[in-house]
Amino acid sequence: MPPTLADAYRLVHSGSLALAEVERAGIRIDVPYLEKTIENVSSKIKELHEGLRQDDVFKQWKQRFGGKTKLTAHAQLGEVVFGDLGFSPNPSLIANRGCEQGKTNTGKWRTDEGSFDHINLPFVKNWVRWQKWVKTRDTFLKGIYREVVDGYLHPFFHLNTVETYRSSSGSPNFQNFPMRDPELAEVIRKCFIPRKGRRLVEIDFGALEFLVSSCFWKDKAMVSYASDPSKDIHRDIAAKIWLCSKEQVNKNTRYFSKNQFVFPELYGSYYIKQAQALWQSIDEHDLKVKDIPMKEWLSEKGIDRLGNCDPREEPEDGTFEKHIKQVEENFNQKMFPEFGQKKEKWWKDYRKTGEFQLMTGFIVRNRPHSKNDLLNYPIQGPGFHIMLKSLIFSLKQIHKRKMKTLIVGEIHDCSLADVPDEEIQTYLNMTKYIMTKDVPRQWPWVIVPLRVEVEVSNLAEDGGNWYEKHLWDETKGSWGPKT
DNA sequence: CACTGGAGCCAC
DNA sequence: AAACGTGGCTCCAGTG
């Protein structure tokens with residue numbers, strides 16, 4: 001019997017109790033470090049601000065806006081750079097539908113970071129940098145500081161706000177602290193520390209979205225990719241996109257294949273958007289095959305331009321657009337034909353009933369939904385539910401075994417725990433078993449093996465924090481740093 | 001003064 | 001016909 005709406009209710013009920021416990025536990029914050037860091041970042045901001053004020057561009061800015069001059073106003077920056085200084089909008093940016101190149105929906109100049117990529121003006125580079133640090137301080141650092149009580153932070157975790165039946169977090173949002181920008185990640189994540197005698201332990205589900213996707217579409221080839229650790233979908237697609245052998249795929253080319261083709265394709269993007277994004281990445285990130293610059297490499301294969309990317313036109317031969325169109329057709333018709341066919345039926349069925357049910361029993365019928373919603377919700381919701389059920393089971397075990405471990409946070413496909421050193425082995429063994437054995441056993445729709453990725457911080461006494469953490473793995477039931 | 005939508009940026 | 005999804009938070013600029 002597949003999960004019913006009543007099952008879904010029970011999950012939310014016990015999930016709410018579990019997350020209440022997470023909220024109550026709280027995360028230890030290194031308050032002196034946080035205070036010092038706010039000071040340091042403020043000095044950096046002040047310096048950058050001073051530099052901007054002394055720049056000649058700022059004089060022009062003042063001439064233009066006089067008493068209304070406001071250095072934080074994006075609209076004013078746009079007027080100065082693209083209006084007065086006469087820079088053209090970034091030609092490699094893709095214009096929004098119904099938007100003039102380089103402008104927003106309301107007709108103002110776009111002033112996001114990418115809009116300035118092509119402009120080599122120190123003033124502009126520094127302005128972007130300045131804004132980045134202002135956000136770091138005001139949103140993240142001060143957001144934490146404002147909510148700290150007696151050295152602990154208690155972010156909220158909600159189950160009632162998200163259409164896909166994922167969770168959300170607030171006050172502050174625990175789920176969007178910087179991670180990819182190493183400079184920002186370090187400054188902010190060092191605020192989070194374990195309690196005395198403990199370590200922070202983060203356990204992620206590996207590749208959860210792709211695994212859940214396989215469970216939902218039950219496409220044979222997809223399930224095979226998801227089940228066989230020696231197979232790598234992103235590498236294989238990268239080889240097709242970049243016209244090279246699987247062995248010639250490198251970290252970068254795989255990364256962009258994954259994030260600008262495979263996931264977008266699973267969630268309803270299409271070849272024109274993917275081609276544009278990939279083509280832009282080639283120069284932006286200096287993509288290569290072996291040591292050959294990508295555009296040279298592609299040119300040797302007979303592809304020397306992007307193409308018009310006009311949805312009304314058939315792409316021309318010899319364009320990247322045409323090539324990606326073929327990769328897409330191959331993806332949907334040859335590689336994953338069941339995915340290609342089932343998604344049409346899934347959409348048709350929705351059009352008949354106006355509602356759809358997730359594998360975990362939840363029913364979505366709150367409003368009319370787009371085709372892409374129909375592709376995304378069934379993956380995003382149940383992916384989170386796998387994590388939530390694991391969290392619930394872990395807490396149950398922690399209580400039963402009278403452990404002192406505290407689960408202190410959750411980010412969609414991972415949990416963060418504050419674990420006494422002497423409980424580490426128990427906690428990791430127990431949680432891995434729950435995540436990879438117990439939960440799949442309870443949900444027969446999980447038809448592919450689940451996997452975990454474990455990261456552990458140093459002890460509090462050794463300067464452990466959420467930034468400095470180490471991959472751990474298991475050999476014969478014993479966990480330690482990965483060698 | 002309270003509120004709102006847009007734009008931007010952070011995460012998964 | 002349309003064109004990858006879900007959030008939270010902050011600032012500005014405009015409205016009542």
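So that the names make sense, note that chain A is the first sequence line, chain B the second, and so on, each numbered from 1.
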Checklist entry - Would A:Tyr270 pass as stacked on C:dA3, i.e. its ring centre under 5.5 Å from the base's six-membered ring centre and planes under 30° apart? => result yes
Next on the checklist: Taking the side chain as everything from C-beta on, heavy atoms only, tell me whether A:Leu395 gets closer than 4.5 Å to A:Glu21.
Outcome noted: yes
Item to check | N/O (side chain, A:Ser167) to phosphate O (OP1/OP2, C:dG7) under 4.0 Å | outcome: no
Next on the checklist: As a test of reading the structure: which of C:dG7, B:dG6, B:dC9 is closest to the side chain of A:Thr106, going by heavy atoms?
Outcome noted: B:dG6
Next on the checklist: Less than 4.0 angstrom between a side-chain N/O of A:Thr164 and OP1 or OP2 of C:dG5, yes or no?
Outcome noted: no
Checklist entry - If we only count heavy atoms from C-beta on, is the A:Phe87 to A:Leu121 side-chain gap below 4.5 Å? => result yes
Next on the checklist: What I want to check is whether an N or O donor and acceptor connect the side chain of A:Gln175 with the base of C:dG7 at under 3.5 Å.
Outcome noted: no
Checklist entry - Does the side chain of A:Lys273 get closer than 4.0 angstrom to OP1 or OP2 of C:dC4 through an N or O atom? => result yes
Item to check | Lys/Arg cation over aromatic A:Trp217: A:Lys342, 6.0 Å, 45° cone | outcome: no
Checklist outcome for this item: Of C:dC4, B:dC10, C:dT6, the nucleotide closest to the side chain of A:Asn176 is B:dC10
Checklist entry - So, for A:Phe58 and A:Phe123, is the gap between ring centers shorter than 6.0 Å? => result no
Item to check | N/O (side chain, A:Asn105) to phosphate O (OP1/OP2, B:dA7) under 4.0 Å | outcome: yes
Item to check | A:Thr111 vs B:dG8: side-chain N/O to OP1/OP2 distance below 4.0 Å | outcome: yes
Item to check | Presence of A:Ser168 side-chain N/O under 4.0 Å of C:dG8 phosphate oxygens OP1/OP2 | outcome: yes
Checklist outcome for this item: Of the candidates C:dA13, C:dC12, C:dC9, the side chain of A:Ser171 sits closest to C:dC9
Checklist entry - Side-chain N or O of A:Arg146 less than 4.0 angstrom from OP1 or OP2 on C:dT10? => result yes
Item to check | Shortest side-chain distance from A:Asp112, nucleotide among C:dG5, C:dG7, B:dG8 | outcome: B:dG8
Checklist entry - Among C:dT6, C:dC9, C:dA13, which is the nearest nucleotide to the side chain of A:Gln380? => result C:dT6
Item to check | Nearest listed nucleotide, side chain of A:Tyr377, among C:dG5, B:dC9, C:dG7 | outcome: C:dG5
Checklist entry - Closest to the A:Arg110 side chain: B:dG8, B:dA7, B:dC10? => result B:dG8
Checklist entry - For A:Arg180 and B:dC12, is the shortest distance between a side-chain N/O and OP1 or OP2 below 4.0 Å? => result yes
Checklist entry - Can you check whether A:Thr104 has a side-chain N or O nearer than 4.0 Å to OP1 or OP2 of B:dA7? => result yes
Checklist entry - NE2 of A:His13: more than 12 outside heavy atoms within 6.0 angstrom? => result no
